[in-house]
Amino acid sequence: MKKTALPALFALHIAVFLFGAAGVLGKSLAVSSLMLVFGRTLFAALCLIPVLTYQRQLHFRDISKGVVLCGFLLAIHWLTFFASLNFAPVAFGLMGFASFPIFVALLEPWFFKDQRRARDAWAAIFVVVGMVVMVSATSWEDGALHALGLGILSGFSFALLAMVNRWQGSHIPAFKLAFLQNGVAAVLLLPLVLLTGDLAGNSAQTWSGLILLGAVFTALSHGLFMFSLRHLSTSFASIMTSLEPVYGMLLAYLFLRETPGMFELAGASIIMAATVYASYQHQAH
């Protein structure tokens with residue numbers, strides 16, 4: 001692996017860990033999925049204003065149809081993901097999201113005319129196998145299947161977002177792109193939040209949680225993720241992102257006392273093996 005890619009790889013792993021932690025924090029906040037997504041996008045955009053002011057990049061000349069599309073996809077991705085947490089433990093929504101790499105493996109060569117890499121395709125397939133193993137003990141009557149379906153929709157929308165981010169990231173700095181797309185998402189969601197009345201009646205503790213979710217688990221994580229896409233392929237980044245349910249499952253066990261079963265642990269092991277394989281192959285090439 002090139003030396004220039006090592007900081008990107010480190011940034012990617014930090015971002016993925018924060019992605020997984022966001023689900024746990026989000027589930028612990030007593031607000032609707034809509035308010036959760038609006039709060040994190042709003043505070044992510046606001047906390048990036050001082051950073052961009054210092055970098056003299058706080059202007060809106062880069063707003064385009066692509067940036068608006070990023071904001072829309074980001075809102076859809078998070079709305080479906082956090083809605084999935086209402087039906088089952090965090091692990092199931094995360095496992096649906098783990099379908100993200102297979103969508104990227106199918107779409108990236110078509111979007112960017114890249115050569116199809118067999119190693120990435122195989123790693124993506126094993127990620128999906130791990131996902132299936134993790135939910136194989138779930139009955140059809142369980143809410144986990146609803147969570148899985150919403151998680152898959154979240155994974156598909158995030159795959160599209162990653163494609164657009166890779167394209168936009170070639171000419172817009174990473175943290176500026178994070179500011180613009182979170183700002184657009186917040187603006188798009190504001191009418192819905194006002195219509196539902198979700199802004200009223202939230203405690204100081206809830207607002208503090210939303211600020212933390214926006215600043216650390218959104219602004220920082222997505223800035224690092226978009227930075228990594230400058231030096232790593234979307235396919236490889238998506239496979240590494242498959243560690244999100246593993247991190248999320250561990251954190252859910254530590255903080256929410258959601259104990260994983262044998263199938264969840266077996267599926268997590270398959271996913272971890274797939275990411276190790278993908279990392280080794282990229283280092284070898």
Side-chain angles (χ1 to χ4, degrees), residues 11-12 14-23 25-26 29 31-55 57-83 97 100 154-155 157-194 198-199 202 206-230 237 241 244:
L12 177 61
I14 296 297
V16 171
F17 177 80
L18 293 175
F19 287 164
L25 176 59
L29 297 176
V31 293
S32 66
S33 301
L34 176 61
M35 185 60 193
L36 201 59
V37 178
F38 172 73
R40 77 178 296 185
T41 54
L42 174 65
F43 290 117
L46 290 177
C47 79
L48 285 171
I49 289 177
V51 177
L52 297 179
T53 300
Y54 174 77
Q55 297 176 344
Q57 294 177 351
L58 188 61
H59 56 78
F60 300 93
R61 293 193 296 269
D62 291 318
I63 291 183
S64 62
K65 292 180 179 178
V67 169
V68 173
L69 179 60
C70 278
F72 173 76
L73 290 171
L74 185 65
I76 295 297
H77 159 60
W78 277 332
L79 281 173
T80 51
F81 174 71
F82 283 112
F97 173 73
F100 162 47
S154 176
S157 58
F158 194 73
L160 294 177
L161 176 62
M163 301 296 164
V164 183
N165 272 335
R166 177 181 168 185
W167 170 56
Q168 293 286 338
S170 62
H171 59 279
I172 301 177
F175 282 98
K176 183 172 185 182
L177 183 55
F179 165 74
L180 291 174
Q181 69 181 25
N182 277 283
V184 167
V187 169
L188 291 176
L189 293 171
L190 179 59
L192 295 176
V193 173
L194 293 175
D198 285 352
L199 280 175
N202 295 305
T206 297
W207 284 112
S208 298
L210 290 173
I211 292 171
L212 179 63
L213 188 63
V216 178
F217 299 98
T218 305
L220 177 60
S221 63
H222 280 78
L224 292 172
F225 181 73
M226 285 180 274
F227 167 77
S228 71
L229 291 178
R230 293 172 177 269
T241 305
E244 179 180 340

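Count residues from 1 along the sequence.
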Open item on the list: If I take atom CD from residue Gln57 and atom CG from residue Leu177, how far apart are they, to the nearest 0.5 angstrom?
Closed with: 11.5 Å
- [ ] Show your working on side chain to side chain contact (heavy atoms under 4.5 Å, CB included) between Leu180 and Cys70 and close with a plain yes or no.
- [x] CA-CA 9 Å; Leu180 291 174; Cys70 278; over 6 Å; no
Open item on the list: Are the side chains of Leu160 and Leu69 in contact, using a 4.5 Å heavy-atom criterion?
Closed with: no
TODO: Just grab all the side chain to side chain donor-acceptor pair (under 3.5 Å) pairs involving residues 176-194, residues at least two apart or on different chains.
DONE: His59-Lys176, Asp62-Lys176
Open item on the list: To the closest 0.5 Å, what do you measure between CZ (Phe43) and CG (Leu210)?
Closed with: 6.5 Å
Task: Nearest heavy-atom neighbours spanning Ser228 and Leu12 - done: OG-CD1, 3.7 Å
- [ ] Measure across Thr80 and Ser157 and return the closest heavy-atom pair with its distance rounded to 0.1 Å.
- [x] OG1-OG, 4.5 Å
- [ ] Output the distance between atom OG (Ser221) and atom CD1 (Ile14), rounded to the nearest 0.5 Å.
- [x] 11.0 Å
- [ ] Classify the angle between the aromatic ring planes of Phe158 and His222 as parallel (below 30°), tilted (30 to 60°) or perpendicular (above 60°).
- [x] perpendicular
Open item on the list: Rounded at 0.5 Å granularity, tell me how far CG in Leu36 sits from CZ in Phe81.
Closed with: 9.5 Å
Would you mind writing out the side-chain donor-acceptor pairs for residues 44-52 within the sub-3.5 Å range, not counting sequence neighbours?
none

Open item on the list: Applying ring-ring contact (aromatic ring centres under 6.0 Å, His included), can you list everything that pairs with Phe17, at least two apart in sequence or on another chain?
Closed with: Tyr247
Open item on the list: If the condition is side chain to side chain donor-acceptor pair (under 3.5 Å), which residues does His77 pass it with, not counting sequence neighbours?
Closed with: Ser154
Task: Any residue meeting side chain to side chain donor-acceptor pair (under 3.5 Å) with Ser33, in chain and number order, not counting sequence neighbours - done: Asn86
Task: Steps toward side chain to side chain contact (heavy atoms under 4.5 Å, CB included) verdict (Thr41, Thr218) - done: CA-CA 7 Å; Thr41 54; Thr218 305; 5.6 Å; no
TODO: Show your working on side chain to side chain contact (heavy atoms under 4.5 Å, CB included) between Phe227 and Phe175 and close with a plain yes or no.
DONE: CA-CA 8 Å; Phe227 167 77; Phe175 282 98; 5.8 Å; no
Task: Exercise: identify the closest heavy-atom pair between Leu224 and Ala15 - done: CB-CB, 4.0 Å
Task: Spacing of Phe82 atom CZ and Leu29 atom CG [to the nearest 0.5 Å] - done: 8.5 Å
Task: Residues in side chain to side chain donor-acceptor pair (under 3.5 Å) contact with Ser32, at least two apart in sequence or another chain - done: Asp198
Task: Arg40 side chain to Phe217 backbone, donor-acceptor under 3.5 Å - done: yes
Task: From Leu199 atom CG to Phe38 atom CZ, the distance as rounded to the nearest 0.5 Å - done: 5.5 Å
